[in-house]
Novice: 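Shown below is the structure under consideration.
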Amino acid sequence: MNYSSLKIPGIHLFVLMMLILPSCHWHRNRLEVDISGIRIPETKIHRYDRDLFKVPVSDLSNGLKKLEPEYTCFLGSDLDNPVKLEKMRDYLQNPRNIDFQQATERKFPDLSDLEKKLNDGFRHFKYYFPDARLPKVYSYISGGEYNTPVEISDSILIIALDIYLGKDFRIYQSDGVPNYKIARMTPDFIVPDCMSALILDRFPADPSVLTLLGQMVEAGKRLYLLDAMLPGQAVELKTGYTPEQIDWIRRNEEHVWGSIIENRMLYSSKGDVLRVFLADGPFTTEFSKDSPPRLGEWIGWQIVTSFMEKHPEVTLPELMQEKDAQKILMLSGYKPQR
């Protein structure tokens, strides 16, 4: 038959396409939402890192009093206290802190792009959680607080800009920061880290969730929510994985899931099992050195994603409120692809 001469009436062609497209898994990404109607104040990052180091040490008390109205969360009160002033003087004159501050000023002379990206993330958060109280944002020099680059409390979010100076910043290596962490200490990770902190603040880890399945699904829910806050953002920035690690887990996801099932670890609450699949590190020790860490987090994300794709009637707030990990797993139909 000469297929080039085959003609299909327009209506029949339309029906045929409707039959073909679902089989090709064509569907609209439910996380691509219209936030044009979401109105929030424009995000401003209050630069304590810059303003504090402009204060003359010779007139410290008066200089701090001028900053106090904008930076009460850092300075508090009683700015004539000699003990407090001496500590602040030591901080400002510490050569290490000066190095951090000068490098930060060179790396971040302007934060307008970061403010725009944060504003977009906050609007997505407000879209899903209209009652959310969005935080006021500050930047500061931590002096190397590597474990807490972003903190949030009482609707105040603070960013340690000196933790995002890039993998070539010499102090990181001399401080002994592991290379896998240094790889994530770049400006690109600031927004994902901020949104992750906001998510964790609203949905803190539940201490009653003890099993591997429960903790995987909880971590997966937070990653799915991060995906919703930053649609279109690279997977590497949401997970902290390298492109090679993402390729590894996509090729080996079935093997990892099979290992969990075959070794009866899914409902385990043993500390060593939880650490293997949920602890950070350069890779997962029980698998290849090419594997990423936190494999349980990835598996949980895939379970939750599958569940939400199969149940479009479930909203994100309803997902976050659902505590039955077994229910989510069963209704997800999760099955890793070969």
Side-chain angles (χ1 to χ4, degrees), residues 27-35 37-40 118-135 150-157 191-233 235 238-240 257 260 265-269 273-274 277-278 294-336:
H27 57 82
R28 184 180 70 85
N29 184 348
R30 65 175 293 176
L31 299 184
E32 293 177 357
V33 297
D34 180 9
I35 61 169
I38 305 300
R39 299 284 184 264
I40 64 172
L118 276 177
N119 198 73
D120 189 70
F122 289 160
R123 289 174 71 199
H124 277 87
F125 199 83
K126 198 74 170 176
Y127 174 91
Y128 292 106
F129 305 99
D131 66 323
R133 184 182 176 190
L134 298 175
V150 174
E151 297 181 80
I152 184 168
S153 179
D154 297 327
S155 292
I156 291 175
L157 187 150
V191 173
D193 285 354
C194 287
M195 297 312 299
S196 293
L198 184 62
I199 290 166
L200 191 59
D201 181 64
R202 179 156 182 136
F203 302 102
D206 186 345
S208 68
V209 177
L210 302 176
T211 67
L212 178 61
L213 173 62
Q215 292 197 21
M216 287 198 307
V217 169
E218 287 297 302
K221 285 159 64 174
R222 287 191 289 270
L223 251 181
Y224 185 83
L225 187 49
L226 181 62
D227 209 12
M229 300 305 106
L230 304 173
Q233 184 73 273
V235 176
K238 294 171 185 174
T239 60
W257 179 245
I260 291 173
M265 294 183 285
L266 192 61
Y267 302 103
S268 173
S269 57
V273 172
L274 300 180
F277 288 97
L278 295 166
R294 296 171 278 109
L295 288 173
E297 186 178 272
W298 176 277
I299 296 291
W301 186 22
Q302 308 316 305
I303 291 171
V304 170
T305 299
S306 181
F307 169 78
M308 292 298 281
E309 288 179 350
K310 284 183 168 58
H311 300 279
E313 75 283 359
V314 178
T315 66
L316 260 72
E318 289 170 342
L319 169 69
M320 301 308 291
Q321 291 167 7
E322 178 57 66
K323 300 301 181 183
D324 191 339
Q326 181 67 33
K327 175 183 174 182
I328 290 176
L329 174 62
M330 294 302 293
L331 293 179
S332 72
Y334 170 69
K335 186 177 181 181

Novice: Write down the atom of L230, the atom of G121, and the distance for their closest heavy-atom approach.
Specialist: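 Between these two residues, the closest heavy atoms are CD2-CA, 4.5 Å.
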Novice: Taking NZ in K323 as the centre, count heavy atoms belonging to other residues, nucleotides or ligands within less than 6.0 Å. Is the count above 12?
Specialist: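 Yes - once you tally the heavy atoms of other residues, nucleotides and ligands closer than 6.0 Å, there are more than 12.
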Novice: Which distance, rounded to the nearest 0.5 Å, do you find between the CG of L225 and the CZ of F203?
Specialist: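 It is 6.0 Å, given to the nearest 0.5 Å.
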Novice: Judged by atom type as modelled, is there a donor-acceptor pair below 3.5 Å linking the side chain of R222 to the main-chain atoms of E297?
Specialist: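 No: the side chain of R222 does not pair with the backbone of E297.
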Novice: Contact between L223 and V304 at the side-chain level, heavy atoms closer than 4.5 Å - yes or no?
Specialist: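 When only atoms from C-beta onward are counted, V304 and L223 do not touch, as no gap falls below 4.5 Å.
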Novice: M195 and F122: side-chain contact (heavy atoms from CB on, under 4.5 Å), yes or no, with the steps?
Specialist: CA-CA 8 Å; M195 297 312 299; F122 289 160; 4.0 Å; yes
Novice: Under a 3.5 Å distance rule, please check whether S269 uses its side chain to pair with a backbone N or O of L210 as donor and acceptor.
Specialist: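 No.
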Novice: With a 4.5 Å limit on heavy-atom distance, are the side chains of V33 and H124 in contact?
Specialist: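 A side-chain contact under 4.5 Å exists here.
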Novice: Roughly how far, to the nearest 0.5 Å, is the CD atom of E318 from the CD atom of E313?
Specialist: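 Reported value, rounded in 0.5 Å steps: 8.5 Å.
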Novice: Thinking salt bridges, do D201 and R133 make one under a 4.0 Å N-O criterion?
Specialist: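 No.
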Novice: Please report the closest heavy-atom contact between E218 and E322, naming both atoms and the distance.
Specialist: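 Nearest pair, atom of E218 first, then E322: OE2-O, 4.4 Å.
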Novice: About how many Å separate OH of Y128 and CZ of R202, when rounded to the nearest 0.5 Å?
Specialist: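 It is 14.0 Å, given to the nearest 0.5 Å.
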Novice: Got a donor-acceptor contact below 3.5 angstrom from the T305 side chain to the Q302 backbone?
Specialist: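 Here the side-chain-to-backbone pair does not exist.
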Novice: Does the side-chain contact (heavy atoms from CB on, under 4.5 Å) test come out yes or no for F129 and L198, once each step is laid out?
Specialist: CA-CA 12 Å; F129 305 99; L198 184 62; over 6 Å; no
Novice: Could you report the tightest heavy-atom contact between S332 and S306, atom names first, then the distance?
Specialist: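 Closest heavy-atom pair between S332 and S306: O-OG, 2.6 Å.
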Novice: If you take all heavy atoms of V150 and A197, which pair is closest and at what distance?
Specialist: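 Result for this residue pair: CG1-CB, 3.8 Å.
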Novice: Determine, stepwise, if the pair Y224 / L316 fulfils side-chain contact (heavy atoms from CB on, under 4.5 Å).
Specialist: CA-CA 9 Å; Y224 185 83; L316 260 72; 3.9 Å; yes
Novice: Any side-chain to backbone donor/acceptor pair from Q215 onto V209? Under 3.5 Å, distance only.
Specialist: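 Yes: the side chain of Q215 pairs with the backbone of V209.
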Novice: About how many Å separate CD1 of I303 and CE of M330, when rounded to the nearest 0.5 Å?
Specialist: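 Rounded to the nearest 0.5 Å, the CE-CD1 separation comes to 11.5 Å.
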Novice: Between K221 and L319, is there a side-chain heavy-atom distance shorter than 4.5 Å?
Specialist: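 In contact.
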Novice: Take T211 and L266 through the test side-chain contact (heavy atoms from CB on, under 4.5 Å) and record every step on the way to the result.
Specialist: CA-CA 7 Å; T211 67; L266 192 61; over 6 Å; no
Novice: Compare all side-chain heavy atoms of P231 with those of N29 and state whether any distance is below 4.5 angstrom.
Specialist: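 SC-SC contact between P231 and N29 ruled out.
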Novice: Backbone N or O of S208 within a donor-acceptor pair of the D206 side chain at under 3.5 Å?
Specialist: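 Checked: pair present.
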Novice: Nearest heavy-atom pair of P192 and L226: which atoms, and what distance?
Specialist: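 Closest heavy-atom pair between P192 and L226: O-CD1, 3.9 Å.
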Novice: Which distance, rounded to the nearest 0.5 Å, do you find between the NZ of K126 and the CG of D131?
Specialist: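 Interatomic distance, K126 NZ to D131 CG, rounded to 0.5 Å: 7.0 Å.
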Novice: Write down the atom of Q326, the atom of L213, and the distance for their closest heavy-atom approach.
Specialist: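 Smallest heavy-atom distance, with atoms named: OE1-CD2, 3.5 Å.
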Novice: For the atom pair CE (M216) and CE (M265), what is the distance rounded to the nearest 0.5 Å?
Specialist: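 So the gap between those two atoms works out to 9.5 Å.
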Novice: Could you check if a side-chain atom of D227 sits within less than 4.5 angstrom of a side-chain atom of W301, using non-hydrogen atoms only?
Specialist: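 Counting from C-beta outward, D227 and W301 do come under 4.5 Å.
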